[in-house]
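The structure appears right after this line, and notes come after that.
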Amino acid sequence: MSEKQTPFILVDGSSYLFRAYHVPQLQRMTNSEGMMTGAVFGVINMLKSLINEYQPTHMAVVFDAKGKTFRNDLYPEYKANRPPMPEDLRQQIEPIHKIVEAMGLPLLVVDGVEADDVIGTLAKQACAEGRETLISTGDKDMAQLVSDNVTLINTMDKNNPITDYDRVIEKFGVKPDQIIDFLALVGDKVDNIPGVNKCGPKTAVKWLNEYGSMQGVIENADKIGGKIGENLREALDQLPLSYELATIKLDCDLDFLPKELTLKEPDLAELKELYGKMEFRRWLTEVLKEGGEELEGDEDSGETPIDRSKYETILEQSELDKWLKKLEKSELFAFDTETTSLNYMEAELVGMSFALDNGEAAYLPVAHSYMGVPKQLDRDDVLKQMKPLLESDEIKKVGQNLKYDMSVLARYGITLGGIEFDTMLESYCLNSVASRHDMDTLSLKHLNHPTIKFEEIAGKGKNQLTFDQIELEKASPYAAEDADITMKLHQKLWGELQKEEGPAQVFQHIEMPLVKVLSKVERNGVLVDGALLLEKSRVFEQRLKEIEAKAYELAGKEFNLGSPKQLQAILFEELELPIIKKTPKGQPSTAEEVLQELALDYPLPKLILENRSLSKLKSTYTDKLPKMINPETKRLHTSYHQAIAATGRLSSTEPNLQNIPIKSAEGRSIRTAFIASEGCKILAADYSQIELRIMAHLSQDKGLLKAFEEGLDVHSATASEVFGVELDEVTDTQRRNAKAINFGLIYGMSAFGLAKQIEADRNTAQDYINTYFARYPGVEAYMDNTREKAAEKGYVETLYGRRLYLPEIHSKNGMRRKAAERTAINAPMQGSAADIIKLAMLEVDKWLQDQPGITMIMQVHDELVFEVEEQYLELAQKKIPELMESVAELSVPLIAEVGVGDNWDEAH
DNA sequence: TCACTCACG
DNA sequence: GACGTACGTGAGTGAT
């Protein structure tokens with residue numbers, strides 16, 4: 001026996017299985033087929049870190065077998081209280097077993113006994129062999145196995161992972177050989193082991209310290225007084241059975257010995273398959289790397305493998321000529337730019353890469369600059385030569401997020417043409433629910449190929465290099481691969497997309513044409529008066545100071561008003577205000593609605609509310625926006641993301657221009673800083689009630705169609721129906737409540753949600769809902785129909801065929817299923833509205849090509865904002881809403897309302 | 001990096 | 001019978 005023998009590791013797989021299943025972060029993990037994968041990930045992750053840490057030579061991963069065990073024979077009620085294993089957990093067992101085996105780890109599943117017993121037996125045998133044993137478990141019952149040679153480790157308990165002899169005493173208050181006695185006395189609700197009624201850990205420890213063992217306690221049962229003594233005496237008959245049930249068996253019949261349980265070489269092909277199925281991207285990458293060249297691409301049936309030897313670097317004019325010819329002859333080529341920045345307004349072109357459909361690819365560096373860089377072709381000269389090719393609409397391009405490339409080229413006077421395919425958008429149209437559509441993810445998912453990561457060649461953190469500083473030896477394969485992968489992804493994704501009518505239509509007629517419109521809107525930017533915003537910041541600052549001073553006075557001490565945690569301590573511990581609601585993690589919530597309610601009775605919450613809203617306005621808007629103004633253009637240039645929102649909406653970042661305040665007067669004033677340049681006005685056009693109109697159209701409900709047809713105020717019309725009053729007698733409150741009902745319908749309302757919104761009780765809310773559906777039966781039928789179809793097909797669609805998959809629509813978890821049902825209701829309305837405004841952007845853009853005095857500068861979901869030279873104001877005011885209204889033929893009128901002003905606030 | 005809060009449609 | 005619930009986003013902050 002060697003001196004430095006590694007410990008024998010026994011893993012209680014079943015205990016980790018349940019624990020991993022209940023970890024909240026892991027509960028959200030699914031693969032794209034909707035199968036839950038969190039427990040698989042949790043268990044395997046634990047195994048990996050265990051192996052990594054201990055480098056064992058001998059080990060076993062033990063799981064409970066299906067069916068009854070000897071304990072059920074002893075006591076039929078054993079574990080009878082356990083609910084059946086959830087289906088989404090059961091499904092994860094087989095993949096875990098397979099992965100464990102593929103990892104080369106001995107997997108043990110023994111009939112008739114539990115995992116605990118197998119582990120106990122093996123630990124005892126190993127002990128006899130003089131081998132140190134480490135039991136990895138989350139189960140406290142295992143403490144009975146602890147000895148000088150046997151230690152427990154719970155990798156999920158960050159604070160106290162190791163349980164050795166001393167730790168058992170510290171944790172339980174008794175020695176390991178008293179643990180069974182302890183468990184028998186306390187009993188176990190979950191396993192349905194009886195124990196002594198009302199005897200918890202404290203009592204059990206007290207007794208055991210006095211009488212040594214359970215037997216000792218039984219013998220002295222008469223001496224124990226009080227109610228608990230009576231309980232003990234009542235339990236006397238039961239206790240030996242409890243003891244037996246709690247005892248881990250140490251003499252199971254096993255047909256292997258600890259020394260036979262050795263680790264084998266992992267089966268990489270199998271692991272690749274399994275990780276691929278589970279979509280564990282990081283591990284898949286690891287496996288692929290470990291497998292080296294031979295594994296790479298060789299199993300991709302019928303696809304061209306990624307072959308980096310076919311990549312070229314273009315440094316000579318002759319090579320450029322050759323490539324220009326090839327590209328001009330091709331019907332379609334993949335195109336990518338390399339730049340110095342992710343910010344399209346600052347990015348300088350460093351190089352371009354191209355790929356053809358036969359696997360040929362090239363990188364054309366034009367501005368790398370580092371010590372010893374090879375001579376490159378001149379950037380301006382190259383661009384001049386390439387301009388016709390790049391601007392051609394006949395020669396089609398495919399790229400990954402071509403909007404960016406288009407914006408960069410625009411800085412050099414080139415208008416990228418032939419923007420035909422974008423792999424990011426292909427992926428998005430195929431499945432908008434998939435969380436990411438970046439190239440690394442897509443390559444791994446569809447080509448089983450891990451790309452070269454930017455970080456690998458540029459480093460990370462503050463020392464990260466910009467692309468122009470990267471040596472061509474590294475930059476070339478990276479850049480050429482990007483183009484190559486883009487082409488191969490396109491071939492695969494486009495093939496899939498063509499099989500799906502609706503998504504293909506949306507891709508071709510909405511998303512692809514929109515790319516260049518968005519690029520333009522972003523580059524147009526919006527003029528913002530930074531000085532005005534900073535002035536507002538100063539005013540806010542002043543007021544914040546006053547609030548702070550008052551708050552400290554009320555709290556009796558200074559604290560950070562912006563910290564929910566400190567606020568929580570002040571409000572609910574020091575001042576002992578009532579806890580109205582808790583956060584999902586169980587902390588007393590300090591959310592707005594809670595503070596609103598508390599503000600009725602106490603002064604501090606009101607100040608906090610004011611503080612919150614002001615500091616939000618200041619930090620997010622009046623402080624930040626001026627800093628983001630582009631010094632050259634003096635304008636804000638946001639980024640619109642086309643492949644983020646599952647419903648088909650755009651999103652906006654850096655800065656987000658889709659959440660500029662409007663609801664409060666103070667917030668709204670921020671919009672006065674969104675101005676037009678000299679001689680121009682801001683024009684804002686927004687769709688009126690677009691989602692409700694879509695609901696009317698989709699449901700074909702007679703009442704709702706009529707309300708819109710007659711041009712009624714829809715919320716008043718709803719109020720009139722639901723509250724049974726004449727249209728002209730609807731009160732403000734009734735209208736407000738009706739509005740909440742209408743919104744609720746769009747969101748897939750529940751009585752609870754509506755009640756909360758209108759501050760009524762649940763029954764009242766339910767009555768309203770019932771009355772609504774009685775008055776608008778078509779809407780109810782539509783909702784039911786949508787849920788049904790969603791369950792049947794697994795997805796819902798918008799008016800234009802955009803698809804949204806609902807993997808949780810069949811979830812066993814009622815809450816998740818209900819959430820999926822609400823999405824099913826909401827997505828067609830929100831998504832159709834998104835389709836419509838995108839179509840409007842296309843139409844308006846087409847018209848704007850001949851209107852140099854009018855530019856589109858923002859999109860806010862149902863609103864388009866323009867900057868218009870005053871001489872064209874009248875024209876724009878007439879034409880823009882016309883175009884917006886013309887894009888869809890609904891069963892109700894589609895109305896766009898226009899406003900004009902010197903700033904965005906006035907334009908409403 | 002996560003949890004919380006809050007800005008918008 | 002209890003539980004936990006409106007849909008879709010992005011950003012700033014504090015705590016870890």
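Being a predicted model, the structure only gives us computed values, none of them experimental. Every chain is numbered from 1 and lettered A, B, ... according to where its sequence line falls, protein lines coming before strand lines. Note: hydrogens, waters and symmetry copies are ignored here, and every other heavy atom, side chains too, is used.
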From [atom1] ([X]) to [atom2] ([Y]), nearest 0.5 Å:
X      : Y      : atom1 : atom2 : value
A:F743 : A:H715 : CZ    : NE2   : 5.5 Å
A:I694 : A:Y687 : CD1   : OH    : 9.5 Å
A:H641 : A:R649 : NE2   : CZ    : 15.5 Å

Determine the interatomic distance between [atom1] on [N] and the same-named atom on [M]; round to the nearest Å.
N     : M     : atom1 : result
B:dC6 : C:dA2 : P     : 31 Å
C:dA6 : B:dC4 : P     : 14 Å
B:dA7 : C:dC3 : C1'   : 30 Å

Separation of [X] atom [atom1] from [N] atom [atom2], in whole Å?
X      : N      : atom1 : atom2 : value
A:N560 : B:dA3  : CG    : P     : 20 Å
A:L561 : B:dC6  : CG    : C1'   : 16 Å
A:Q766 : C:dT5  : CD    : C1'   : 13 Å
A:E691 : C:dG8  : CD    : C1'   : 9 Å
A:Q568 : C:dA15 : CD    : P     : 11 Å

Task: Check: A:Y404 ring centroid to A:Y344 ring centroid under 6.0 Å - done: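 No.
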Regarding [X] and [Y], does a basic nitrogen lie under 4.0 Å from an acidic carboxylate oxygen?
X      : Y      : value
A:K838 : A:E511 : yes
A:D623 : A:K618 : yes
A:K557 : A:E574 : yes

Open item on the list: Quick check on DNA chain C: between A:S652 and A:S615, whose nearest nucleotide comes earlier from the 5' end?
Closed with: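 Here A:S652 is the residue nearer the 5' end.
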Open item on the list: Under 4.0 Å from OP1 or OP2 of C:dG8: is there any side-chain N or O of A:T823 that close?
Closed with: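 Looking at the OP1 and OP2 atoms of C:dG8, one of them is under 4.0 Å from a side-chain N or O of A:T823.
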Task: Phosphate-side-chain proximity, A:K756 and C:dA6, N/O vs OP1/OP2 below 4.0 Å - done: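 The answer is yes; a side-chain N or O of A:K756 sits under 4.0 Å from OP1 or OP2.
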Task: Counter-base of B:dG9, judged by Watson-Crick or G-U geometry with both distances under 3.5 Å - done: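 By the stated definition (distances under 3.5 Å), C:dC7 pairs with B:dG9.
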What does [X] touch in the nucleic acid at a heavy-atom separation under 4.0 angstrom: a base, only the sugar-phosphate, or nothing?
X      : value
A:G748 : nothing
A:M815 : sugar-phosphate
A:A765 : nothing

Task: Candidates C:dC7, B:dC6, C:dT9 - which lies nearest the side chain of A:A591 - done: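 Nearest to the side chain of A:A591 among the choices is B:dC6.
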- [ ] Output the single nucleotide from B:dA7, B:dC6, C:dC7 whose closest atom is nearest the side chain of A:L617.
- [x]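 From the listed options, B:dA7 comes nearest.
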Task: Contact list for DNA chain C against residues 826-841 of chain A - heavy-atom distance below 4.0 Å - done: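 A:N826, A:Q830, in order of number.
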Open item on the list: Between A:S652 and A:Q658, is there a side-chain donor-acceptor contact under 3.5 Å, judged purely by atom types and distance?
Closed with: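 Short answer, no.
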- [ ] Taking only heavy atoms on the protein side, list every residue of residues 653-665 of chain A lying under 4.0 Å from any atom of DNA chain B, sorted numerically.
- [x]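 Going residue by residue through residues 653-665 of chain A, the ones with a heavy atom under 4.0 Å of DNA chain B turn out to be A:Q658, A:N659, A:I660, A:P661, A:I662, A:K663.
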Open item on the list: Can you tell me whether the side chain of A:R762 and the base of C:dT5 have a donor-acceptor pair closer than 3.5 Å?
Closed with: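 Counting by modelled atom types and ignoring angles, a donor-acceptor contact under 3.5 Å is found here.
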Task: Under the salt bridge (Lys or Arg N to Asp or Glu O under 4.0 Å) test, residues paired with A:E592 that sit two or more places apart - done: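 Once residues adjacent in sequence are excluded, A:E592 has no partner under the salt bridge (Lys or Arg N to Asp or Glu O under 4.0 Å) criterion.
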